[in-house]
Amino acid sequence: MENVEQKLQLVQQVRSRYQENRYDLSNRERILYGRTSEDSDAAEQAYLNRKFCYYEKPYVSSDAYGDRGPGEGEFVSFFKLRMWIALFLVTAVIVMDRNGTEIAGITTEKIFQVISADYEEVIETWTATISQP
């Protein structure tokens with residue numbers, strides 16, 4: 001009988017740890033991606049649907065290769081787009097610096113000054129102004 005109680009306690013501990021981990025993960029996703037709890041639930045359901053090959057709606061494809069866009073409630077990531085834009089901008093700055101050119105009156109020296117500027121005092125002043133009633 002004691003063995004059964006120990007197993008029951010162990011199962012309860014595992015379940016509570018699992019719930020804590022899910023809660024922590026949903027909070028981190030909310031902070032990182034700006035998701036609401038409904039978005040997290042929908043994203044988790046979409047993940048489970050892909051994992052177990054279960055789809056709520058019948059598969060309907062509008063293109064020849066069978067790729068489908070994100071469904072309702074699925075999370076769309078623009079990371080690749082942002083990465084390509086960042087690489088393009090870095091490449092543009094490097095080319096501008098090597099050739100000594102300027103675009104719309106902006107030189108690489110101005111870009112480097114803006115990047116290396118210390119904005120700590122400006123941010124502290126701004127937060128102090130905002131936090132006052």
Side-chain angles (χ1 to χ4, degrees):
M1 192 65 160
E2 208 172 292
N3 191 16
V4 173
E5 289 177 11
Q6 288 178 345
K7 286 183 181 180
L8 181 62
Q9 287 178 349
L10 180 62
V11 168
Q12 288 174 344
Q13 288 175 353
V14 168
R15 285 182 181 168
S16 68
R17 180 65 56 96
Y18 175 74
Q19 290 297 329
E20 289 173 8
N21 289 342
R22 284 189 61 197
Y23 179 76
D24 290 342
L25 182 64
S26 66
N27 281 340
R28 290 179 185 139
E29 283 181 343
R30 183 179 48 80
I31 292 168
L32 184 61
Y33 300 117
R35 291 182 177 171
T36 62
S37 62
E38 294 168 355
D39 292 338
S40 295
D41 293 341
E44 182 178 348
Q45 185 63 40
Y47 169 74
L48 291 174
N49 287 346
R50 284 191 301 270
K51 184 176 179 182
F52 296 112
C53 298
Y54 169 75
Y55 296 99
E56 291 179 9
K57 298 178 183 176
Y59 183 78
V60 177
S61 176
S62 61
D63 62 347
Y65 297 106
D67 294 335
R68 66 180 184 102
E72 185 177 329
E74 289 186 24
F75 179 70
V76 178
S77 174
F78 291 104
F79 179 74
K80 285 183 182 179
L81 176 65
R82 291 183 294 174
M83 182 62 75
W84 282 110
I85 290 172
L87 288 173
F88 173 76
L89 291 175
V90 167
T91 305
V93 169
I94 291 171
V95 169
M96 284 175 58
D97 189 41
R98 296 260 175 155
N99 295 335
T101 59
E102 66 180 52
I103 297 175
I106 300 173
T107 62
T108 55
E109 289 81 22
K110 288 181 182 178
I111 293 171
F112 294 141
Q113 286 175 355
V114 170
I115 290 172
S116 63
D118 185 19
Y119 294 103
E120 185 176 356
E121 291 179 18
V122 175
I123 292 172
E124 288 177 358
T125 306
W126 181 75
T127 55
T129 305
I130 295 264
S131 63
Q132 293 184 2

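Just the heavy atoms: all of them, side chains too, but no hydrogens, waters or symmetry mates, feed the values below. Numbers for residues simply follow the sequence, beginning at 1.
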Compare all side-chain heavy atoms of F78 with those of I85 and state whether any distance is below 4.5 angstrom.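 Heavy-atom side-chain distance check fails, nothing below 4.5 Å.
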Can [Y] be reached from [X] by stepping across I, L, V, M, F, W or Y side chains whose heavy atoms are under 4.5 Å apart?
X    : Y   : result
Y18  : L10 : no
I103 : L89 : no
F88  : V93 : no
F79  : L87 : yes

Taking all non-hydrogen atoms of both residues into account, name the closest pair between V114 and Y119 and its distance. O-OH, 3.3 Å
Other residues, nucleotides, ligands: >12 heavy atoms within 6.0 Å of E121 CD: no
To the closest 0.5 Å, what do you measure between [atom1] ([X]) and [atom2] ([Y])?
X    : Y    : atom1 : atom2 : answer
W126 : T129 : CH2   : OG1   : 9.5 Å
K110 : Q113 : NZ    : CD    : 8.5 Å
T91  : M96  : OG1   : CE    : 12.5 Å
L8   : Q12  : CG    : CD    : 4.5 Å
I94  : D97  : CD1   : CG    : 8.5 Å
R17  : D24  : CZ    : CG    : 10.0 Å

Give the C-alpha distance, both sets of side-chain angles, the deciding distance and a yes or no for side-chain contact (heavy atoms from CB on, under 4.5 Å) between N99 and V95. CA-CA 6 Å; N99 295 335; V95 169; 3.5 Å; yes
Hey, mind stepping through T108 and E102 against side-chain contact (heavy atoms from CB on, under 4.5 Å) and telling me if it holds? CA-CA 7 Å; T108 55; E102 66 180 52; over 6 Å; no
